[in-house]
Amino acid sequence: MAQIIFDHVTKEYKNEVALKDISFTVDKGEFVFIVGKSGAGKSTLLNLIMKQEDVTSGQIIVEGRRLDTMDAKRVPLHRRRLGIMSPEVGLLKDRSIYDNIRLAILATGNADVRIRSKVIKVLGLVGLAGKYHAYPDELSGGEQARVLLSRALAVQPEILIADEPTANLDPDSAWDLMQLFDELNYRGMTILVASHARELVTIMKKRCITLVAGRLAVDARRSIYDQKA
Ligand code: ADP
Ligand code: ADP
């Protein structure tokens with residue numbers, strides 16, 4: 001069975017249809033970009049998977065679990081199974097990189113055993129093992145993004161969800177981050193990335209789900225924005 005299933009999902013806010021009748025599936029190990037203009041519904045789609053929001057109608061199933069009937073008690077557990085990179089959960093500025101990662105690991109209910117080696121290991125995955133004592137403001141934008149990725153990986157997720165991860169990055173750093181995503185994907189992790197970085201998405205040649213005003217316009221290896229005549 002597919003790892004993520006959207007079955008005729010509609011999401012309405014008070015006076016706004018954010019997503020309209022969206023259906024698609026994602027298999028384990030796929031790399032999928034969610035693309036579209038600002039306001040197209042990308043963040044809403046990811047927020048639904050994380051169960052930060054609930055569907056208005058339709059159904060979402062993640063790893064065999066229905067989200068609409070999921071017990072409130074189970075929601076934190078569900079979120080911990082996802083690696084989440086979102087602009088809404090930034091780094092703690094008054095904590096070192098080490099503490100930022102350590103706190104994320106502790107939040108998963110992991111006991112404090114051998115935590116140091118775990119922190120160094122996930123920082124190593126993004127090439128920042130040597131920077132664990134630094135504070136967020138002492139790092140470049142690209143390094144901060146890699147710390148956010150590292151924190152997302154700290155929970156050892158099956159699925160990585162990233163909302164506009166390259167938004168504030170220079171082209172080189174954005175490219176480096178994409179290479180890290182590619183590597184993780186190569187090792188079997190499912191990756192979902194919402195992005196309007198059109199050129200970067202084009203170069204990556206991955207599956208693209210294109211949203212236009214809340215509707216699924218195209219699901220293909222290219223976004224409709226790339227399909228110039
Ligand atoms: P982006 O285009 O980068 O995804 P948005 O400005 O659309 O950013 O959304 C940022 C966050 O603000 C999202 O999590 C979304 O849920 C929330 N948001 C967006 N629009 C509204 C709105 N009209 N009212 C309340 N919250 C909103
Ligand atoms: P994107 O991520 O593609 O920029 P969003 O998912 O953030 O798009 O937003 C899709 C639509 O839903 C937008 O019109 C936005 O204003 C609206 N929206 C998003 N979140 C909220 C919210 N919490 N409350 C009300 N409207 C929202």
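This structure is a prediction, so every number in the text was calculated from the model and none was measured. Whatever order the structure lists ligands and atoms in, that order sets their numbers, starting from 1.
For ligand 2, the atoms closer than 4.0 angstrom to any heavy atom of S38 are 4 (O). Interface of K37 with ligand 2, defined as ligand atoms under 4.0 Å from a residue heavy atom, comprises 3 (O). Every atom of ligand 2 is numbered from 1 in the order shown, and the set under 4.0 Å from a heavy atom of S43 is 1 (P), 2 (O), 6 (O), 7 (O). Taking a cut-off of under 4.0 Å to the non-hydrogen atoms of T44, the atoms of ligand 2 that pass are 5 (P), 6 (O), 9 (O), 10 (C), 19 (C).
By the 4.0 Å N-to-carboxylate-O rule, D163 lies too far from K42 to be salt-bridged with it. Note on R207 versus D219: salt bridge recorded, some NZ/NE/NH1/NH2 to OD/OE distance being below 4.0 Å.
Residue contact check for ligand 2: K14 places no non-hydrogen atom closer than 4.0 Å to it. Heavy-atom separations between G36 and ligand 2 are all 4.0 Å or longer.
Side-chain N/O atoms of R116 and Y132 include a donor and acceptor closer than 3.5 Å.
In this structure F181 satisfies the ring-ring contact (aromatic ring centres under 6.0 Å, His included) test with no other residue, sequence neighbours excluded.
Within the structure, ring-ring contact (aromatic ring centres under 6.0 Å, His included) contacts touching residues 15-49 (residues at least two apart or in different chains) are F6-F24, F31-F33.
At a heavy-atom cutoff of 4.0 Å, ligand 2 is contacted by both the backbone and the side chain of K42.
Shortest non-hydrogen contact noted between H133 and S96 is O-CB, 4.0 Å.
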